[in-house]
Structures are given as C-alpha cells and as structure tokens.
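Sequential numbering from 1 along the given sequence is applied to the chain's residues.
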Amino acid sequence: MYSIYADGICIYNDAFALDNMKVIDPKLTLEDNAAGSLSMILPPSNIGYGTIIRMVSDISVHKDGEEIWAGRVLSEDKDFWNNRVLYCEGELAFLNDSTQPPAEYYGQTVRGFLETLINIHNSKVADDKQFTIGSVTVTDSDGSVTVTDSDDPLYRYTNYEKTIECINEKLVKKLGGHLRIRKV
C-alpha cells in the first residue's frame with residue numbers, strides 16, 4: 001500500500017478511493033546517488049490542493065507505513081482542467097541550496113572532508129534542510145581497499161560549486177560509494 005503525504009497530511013492512499021485523496025498519475029523515481037523525483041497531478045478536490053507550497057511543503061511517500069522517499073515541490077503548472085501538475089525533488093537535492101567557498105583541503109580523511117562540506121552546507125540553510133553524517137565507508141576503484149578515517153589524507157579544493165556537486169565530483173566519482181539518506 002502506497003501513501004503520499006504533504007506536510008504530514010495524507011493526500012493519497014492507494015487503498016482508498018476518496019475524492020479528497022485522489023491523485024492522478026503519481027510516479028516515483030528512486031535513483032542511486034541522486035535525489036529521485038515524484039510527479040503527480042492534484043485535482044481541485046484533493047485535500048492538499050490549496051495547501052501545498054512550492055519549495056516549502058514537505059512531501060513524502062510511504063510504502064506499507066514506512067517512508068521510502070521525501071522531498072519538496074520543485075515546480076508546478078496547471079492544466080486545462082485546473083489540476084495542479086507537481087514535480088517534486090528528493091531531500092538529497094537540498095544540497096543544491098548551498099555553495100562551497102573557495103578553499104584548499106589537505107590532510108583530511110574522507111569523513112573529515114565530507115563533514116566539512118556538510119557543516120558549511122548546514123550553516124547556510126534552514127534547520128529542516130540540514131544533514132548529519134552517518135557511516136562513511138567507500139571502496140577503492142579496483143574494489144580492493146576500503147577507505148576509512150585512518151587511511152591516507154585527501155587533497156581537494158572547492159570553488160563556489162554546489163555542495164552536491166562537490167560531494168559527487170570530489171568523493172563519489174573518485175572514490176566510489178553511495179549517498180543515502182537515513183532518518184534515525
């Protein structure tokens with residue numbers, strides 16, 4: 001059973017056919033190392049039609065009562081029938097809301113560099129768009145070595161890139177690994 005919530009209010013549940021919870025053509029796309037997306041069409045009869053605010057409202061998708069994706073409305077249109085056509089981006093896209101200042105980083109571990117990037121991001125965004133670092137383990141490109149906090153230091157630099165670009169270009173593409181959001 002799938003459900004969609006907007007700011008904690010259920011606006012869609014595939015087990016119920018209520019007019020105030022009708023959503024047309026919902027499509028969830030989950031991606032590896034990317035934010036993923038949700039698109040949907042809200043008819044005027046939907047309970048969330050007048051309350052969802054672009055870039056503000058929290059949208060989440062649940063499967064069997066467990067959250068599998070969360071994000072925000074990135075863009076919207078209205079169709080001929082006055083339905084709201086919404087396109088949502090996942091929480092990982094919050095890392096697009098900040099840029100990294102010009103800096104040179106040498107002697108930091110993978111975790112240390114990632115923590116620096118996230119701390120800078122967190123200092124520039126609202127509390128509900130902040131992240132905390134969990135476990136950091138990546139494998140060398142040939143699959144032979146696991147890079148942890150005790151391994152050789154990194155040399156990296158930043159220059160006004162978006163935080164997500166820094167993480168992907170300077171860590172994920174060079175060292176491998178997967179970005180994943182967990183709520184604990």
Side-chain angles (χ1 to χ4, degrees), residues 1-100 114 117-134 160-169 171-173 177-184:
M1 177 173 78
Y2 289 91
S3 303
I4 301 174
Y5 289 83
D7 295 324
I9 297 170
C10 186
I11 62 168
Y12 171 76
N13 187 311
D14 64 359
F16 303 110
L18 304 173
D19 274 346
N20 68 346
M21 291 174 57
K22 183 179 180 184
V23 171
I24 301 166
D25 197 26
K27 182 179 179 187
L28 176 65
T29 304
L30 301 174
E31 300 177 57
D32 187 30
N33 291 333
S37 63
L38 171 68
S39 61
M40 61 183 158
I41 301 171
L42 287 183
S45 62
N46 187 288
I47 192 169
Y49 184 87
T51 62
I52 296 174
I53 302 169
R54 188 178 72 82
M55 298 297 283
V56 174
S57 293
D58 294 319
I59 308 295
S60 61
V61 177
H62 295 239
K63 180 180 180 183
D64 299 326
E66 185 176 330
E67 183 179 281
I68 60 170
W69 180 90
R72 62 185 174 192
V73 177
L74 180 63
S75 64
E76 72 170 285
D77 280 320
K78 285 196 176 176
D79 66 13
F80 182 76
W81 297 275
N82 208 28
N83 294 320
R84 288 180 73 182
V85 180
L86 305 176
Y87 178 79
C88 307
E89 63 181 356
E91 290 173 311
L92 204 53
F94 297 165
L95 294 171
N96 283 314
D97 297 349
S98 65
T99 58
Q100 296 294 316
L114 183 59
L117 297 178
I118 294 300
N119 288 338
I120 291 169
H121 165 80
N122 288 346
S123 72
K124 296 180 176 188
V125 298
D127 290 346
D128 62 337
K129 308 294 187 248
Q130 295 183 2
F131 295 94
T132 304
I133 303 295
Y160 295 117
E161 303 97 339
K162 292 181 180 182
T163 302
I164 191 67
E165 291 172 4
C166 283
I167 293 170
N168 279 326
E169 294 296 321
L171 291 174
V172 176
K173 284 186 179 176
H178 301 276
L179 299 177
R180 192 177 94 189
I181 293 178
R182 291 182 300 139
K183 294 184 179 177
V184 181

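Taking 4.5 Å as the limit, some side-chain heavy atom of K124 sits within range of a side-chain heavy atom of T99. Considering only heavy atoms from C-beta on, N96 stays 4.5 Å or farther from T163 through its side chain. With contacts defined as side-chain heavy-atom distances shorter than 4.5 Å, the pair L86/I59 does not qualify.
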Please table the atom pairs, donor to acceptor, closer than 3.5 Å between any side-chain atom in residues 15-22 and protein atoms at least two apart or in another chain.
none

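The structure places CG of N119 at 9.0 Å from OG1 of T132, a figure rounded to the nearest 0.5 Å. Annotation: the span from E91 atom CD to E67 atom CD amounts to 6.0 Å, rounded to 0.5 Å. Of the inter-residue distances, the one linking M55 atom CE with S75 atom OG reads 10.0 Å to the nearest 0.5 angstrom. In this structure, CD in E66 is found 12.0 Å from OG in S60, a value given to the nearest 0.5 Å. In this structure, the separation between CG on L74 and CG on L38 is 12.0 Å, given to the nearest 0.5 Å. Interatomic distance, CD1 of I133 versus CG of L114, reported as 3.5 Å (0.5 Å rounding).
Checking each of I11, D7, N46, I47 against I52 for a side-chain contact (heavy atoms from CB on, under 4.5 Å) leaves exactly one that passes, namely I11. Remark: of the listed residues I167, N168, L179, L117, I167 is the sole one forming a side-chain contact (heavy atoms from CB on, under 4.5 Å) with L95.
Judged purely by atom type and a 3.5 angstrom limit, Q100 has no side-chain atom pairing as donor or acceptor with the backbone of E161. At distances below 3.5 Å, at least one donor-acceptor pair connects side-chain atoms of W69 with backbone N or O atoms of A35. A donor-acceptor pair under 3.5 Å is absent between the side-chain atoms of N83 and the main chain of I41, judged by distance alone.
Salt bridge E76/R54: absent, no basic N to carboxylate O contact under 4.0 Å. Under a 4.0 Å N-O distance rule, the pair R72/D97 qualifies as a salt bridge.
By the ring pair (Phe, Tyr, Trp, His ring centres under 6.0 Å) test, Y5 pairs with H62, sequence neighbours left out.
D128 and F94 make their closest contact through O-CE1, 3.9 Å (heavy atoms, listed as atom of the first residue, atom of the second, distance). Between K183 and A70, the shortest heavy-atom contact is NZ-CB, 3.7 Å. When every heavy atom of L92 is checked against every heavy atom of N33, the shortest pair comes out as CD2-C, 4.1 Å. Smallest separation of non-hydrogen atoms from G134 and R182: CA-NH2, 4.0 Å. In terms of heavy atoms, V172 sits closest to G177 at CG1-O, 3.9 Å.
Residue-environment remark: NZ (K129) exceeds the threshold of 12 foreign heavy atoms within 6.0 Å.
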Test side chain to side chain contact (heavy atoms under 4.5 Å, CB included) on M40 and K27; report intermediate values, then the result.
CA-CA 6 Å; M40 61 183 158; K27 182 179 179 187; over 6 Å; no
Please test N82 against Y49 for side chain to side chain contact (heavy atoms under 4.5 Å, CB included), starting from the C-alpha separation and ending with a verdict.
CA-CA 10 Å; N82 208 28; Y49 184 87; 3.5 Å; yes
